[in-house]
Amino acid sequence: MAREKPSQLQKDVFKATAKIPRGKISTYALVAEAIGKPRAARAVGNALNKSSGMPSCPCHRVVKSDGSVGGFTGGTRRKIFLLRKEGLEITSGNVSGFENHLYKFR
DNA sequence: CATATGACACTAT
DNA sequence: AATAGTGCCATAT
């Protein structure tokens, strides 16, 4: 099997997501800003989609801007479960007080 | 090179 | 507050 080479976007996105400390979360828009593309929230999601298989992928720590867990290829349930394990509270596919756990890439 | 798809965001209604 | 429409970026075909 030919393994695909990680795109530049995936590298940048992975770096940003890897900075998110355990117990905290971030949004696709914030990650996009962190990599220097504040309008590339979509591309960020696309990059994370390919990062399935990456080591230490805190991709579940990335949620939408309005506090929704967003999507997750393979099962949003999984993402919610992981986030709950991190000490967060998810209700109706929505992160409770997500703004309180948001990591702003200082 | 153009079209279609996708783990989004913002504004208007 | 919720839904719909439009915009933006990157990858795949």
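Below, each value reflects all heavy atoms present in this structure, side chains not excepted, and no hydrogens, waters or symmetry copies. Lettering follows sequence order; numbering is per chain, from 1.
Criterion: ILVMFWY side-chain heavy atoms under 4.5 Å apart, direct or through other members. Under it, A:Leu88 and A:Leu82 are not part of a common hydrophobic cluster. No continuous path of hydrophobic side-chain contacts links A:Phe98 to A:Phe81 [ILVMFWY only; heavy atoms under 4.5 Å].
The CD1 atom of A:Ile35 sits 13 Å away from the C1' atom of C:dC8 (whole-angstrom rounding). Rounded to an integer number of Å, the gap from CZ of A:Arg61 to C1' of B:dA7 is 16 Å. Across the protein-nucleic acid pair, A:Leu83 atom CG and B:dA7 atom P stand 17 Å apart, rounded to whole Å. Note: CD (A:Gln10) to P (B:dG6) measures 18 Å, nearest angstrom. In this structure, A:Asp12 places its CG atom 11 Å from P of C:dA10, rounding to the nearest Å. For the pair A:Asn49 CG and C:dC9 C1', the interatomic distance rounds to 15 Å; values are reported in whole Å. To the nearest angstrom, P of C:dA4 lies 15 Å from CG of A:Asp66. Note: CG (A:Leu9) to C1' (B:dG6) measures 13 Å, nearest angstrom.
Counting non-hydrogen atoms under 4.0 angstrom, A:Ser7 reaches the backbone sugars and phosphates but no base. Contact annotation for A:Leu48: base contact, defined as any heavy-atom pair under 4.0 Å involving a base atom. Residue A:Ala41 is in sugar-phosphate contact alone, with no base atom involved, counting any heavy-atom pair closer than 4.0 Å across all strands shown.
For the OP1/OP2 pair of B:dA7 and a distance below 4.0 Å, the side-chain nitrogens and oxygens of A:Lys64 include no atom meeting the criterion. OP1 or OP2 of C:dA12 has at least one side-chain nitrogen or oxygen of A:Lys50 nearer than 4.0 Å.
Side-chain proximity of A:Thr73 to the nucleotides C:dC9, B:dA7, B:dA9 is greatest for B:dA7. Nearest nucleotide to the side chain of A:Arg39, out of C:dA10, C:dC8, B:dA9: C:dC8.
Residue A:Val62 is tested with A:Val13, A:Ile20, A:Ile25, A:Thr27 for a side chain to side chain contact (heavy atoms under 4.5 Å, CB included); the sole match is A:Ile20.
The pair A:Arg22-A:Glu86 counts as a salt bridge, with a side-chain nitrogen and a carboxylate oxygen less than 4.0 angstrom apart.
Using modelled atom types, one side-chain atom of A:Arg84 and one backbone atom of A:Ile90 make a donor-acceptor pair closer than 3.5 Å.
Side-chain N/O atoms of A:Asn46 and base N/O atoms of B:dG6 include a donor-acceptor pair closer than 3.5 Å.
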